[in-house]
Amino acid sequence: MNMNRIALYPGSFDPITNGHLDIVERALEIFDRVVVGVGVNLAKEPLFSIDERLEMIHTTVNNRPEIDVVGYDGLTANFAEKIGAVAIIRGLRAVSDFEHEFQMALANKKLFPKAETVFLMPSLCNVYLNSSMVKTIARLGGNVTPFVPEPVAKSLKAKFEK
Ligand code: ADP
């Protein structure tokens, strides 16, 4: 049996929130390693550069050996294959996530059949959380500390103070 089962958790993470971290912890209950893959989502205009996003995640997970943080471009399926992932992790918050996620899971399965998409639900307190909402709160000068890890709260503050 392969004792090093790698799961890829791909996303924009613009920026990473407590909801994303909730999913990472759940994935680690099932898989040996989680690779947080920060990718380019062509449908979204990011606030933070890939390097800024990677830096915030690195600082947050603070060198945990079972978590890798890597940027990638191109197809998620190709990146999953490259790192030898057996699963692609996605979070499901509401029914509204489902249709888009279902389409992507089917496409990824065609492109890289060896990886199974695994959907995980966050705890109830993180269900409503998303990066866009956090950015809006920060932009309007609100307190984001209940929603994001400390390094992210600092980066958001710095971003909007400029
Ligand atoms: P993408 O642009 O790929 O959707 P995101 O960073 O917005 O990237 O999200 C990455 C993944 O994390 C998605 O599967 C998304 O549904 C999930 N996710 C985001 N926020 C939460 C949350 N609060 N609870 C559970 N899953 C979440």
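Read the numbers this way: they start at 1 and go in the same order the structure lists the ligands and their atoms. Note that the numbering runs from 1 along the sequence shown for the chain. Owing to the predicted nature of the structure, the values given are computational and were not obtained by experimental measurement.
Closest protein heavy atom to atom 2 (O) of ligand 1: S12 OG, 2.5 Å. Given atom 25 (C) of ligand 1, the protein heavy atom at minimum distance is P122 CG, 3.4 Å. For atom 21 (C) of ligand 1, the closest non-hydrogen atom on the protein side is R93 CD, 3.5 Å.
Atoms of ligand 1 found under 4.0 Å from any heavy atom of G11 (numbered from 1 in listed order, with element): 3 (O), 8 (O), 10 (C). Near K44, meaning under 4.0 Å from any of its heavy atoms, are these atoms of ligand 1: 1 (P), 2 (O), 4 (O), 7 (O), 8 (O). Atoms of ligand 1 found under 4.0 Å from any heavy atom of H20 (numbered from 1 in listed order, with element): 5 (P), 6 (O), 9 (O), 10 (C), 12 (O), 18 (N), 19 (C), 20 (N). Contact atoms of ligand 1 toward N126: 22 (C), 23 (N), 24 (N) (distance under 4.0 Å to a heavy atom of the residue). Residue L129 has at least one heavy-atom neighbour below 4.0 Å for each of these atoms of ligand 1: 20 (N), 21 (C), 22 (C), 23 (N). With ligand atoms numbered from 1 in the order given, ligand 1 contributes 1 (P), 3 (O), 4 (O), 10 (C), 11 (C), 13 (C), 14 (O) to contacts under 4.0 Å with heavy atoms of R90. Near F13, meaning under 4.0 Å from one of its heavy atoms, ligand 1 places the atoms 6 (O).
Using cut-offs of 30° and 60° on the angle between ring planes, the pair Y128 and F147 is perpendicular. Using the six-membered ring where Trp is involved, Y9 and F13 have ring planes that are perpendicular, over 60° apart on the 30 and 60° scheme.
Side-chain N/O atoms of S49 and D51 include no donor and acceptor closer than 3.5 Å. No side-chain N or O of N4 forms a donor-acceptor pair with one of D32 less than 3.5 Å apart.
Taking any N or O of N41, backbone or side chain, at least one lies under 3.5 Å from an N or O belonging to ligand 1. Here's the thing with G91: one of its N/O atoms is less than 3.5 angstrom from an N/O atom of ligand 1.
Taking 4.0 Å as the cut-off, N130 does not count as a neighbour of ligand 1 on heavy-atom distance. At least one heavy atom of Y9 sits under 4.0 Å from some atom of ligand 1. Under the 4.0 angstrom criterion for non-hydrogen atoms, E101 is in contact with ligand 1.
Residues R53 and I50 meet the side-chain proximity criterion, which asks for heavy atoms closer than 4.5 Å.
With respect to the salt-bridge test (charged N to carboxylate O, under 4.0 angstrom), the residues D14 and K135 qualify. At a threshold of 4.0 Å, the pair E25-R64 counts as salt-bridged, since one of the basic side-chain nitrogens sits closer than that to a carboxylate oxygen.
A distance-only check finds no donor-acceptor pair linking the side chain of R33 to the backbone of L28 [under 3.5 Å]. Put simply, the side chain of R90 never gets that close to the backbone of L120: no donor and acceptor are under 3.5 Å apart.
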Test log, rule side chain to side chain contact (heavy atoms under 4.5 Å, CB included), inputs K109 and T117: CA-CA 8 Å; K109 185 73 182 167; T117 294; over 6 Å; no
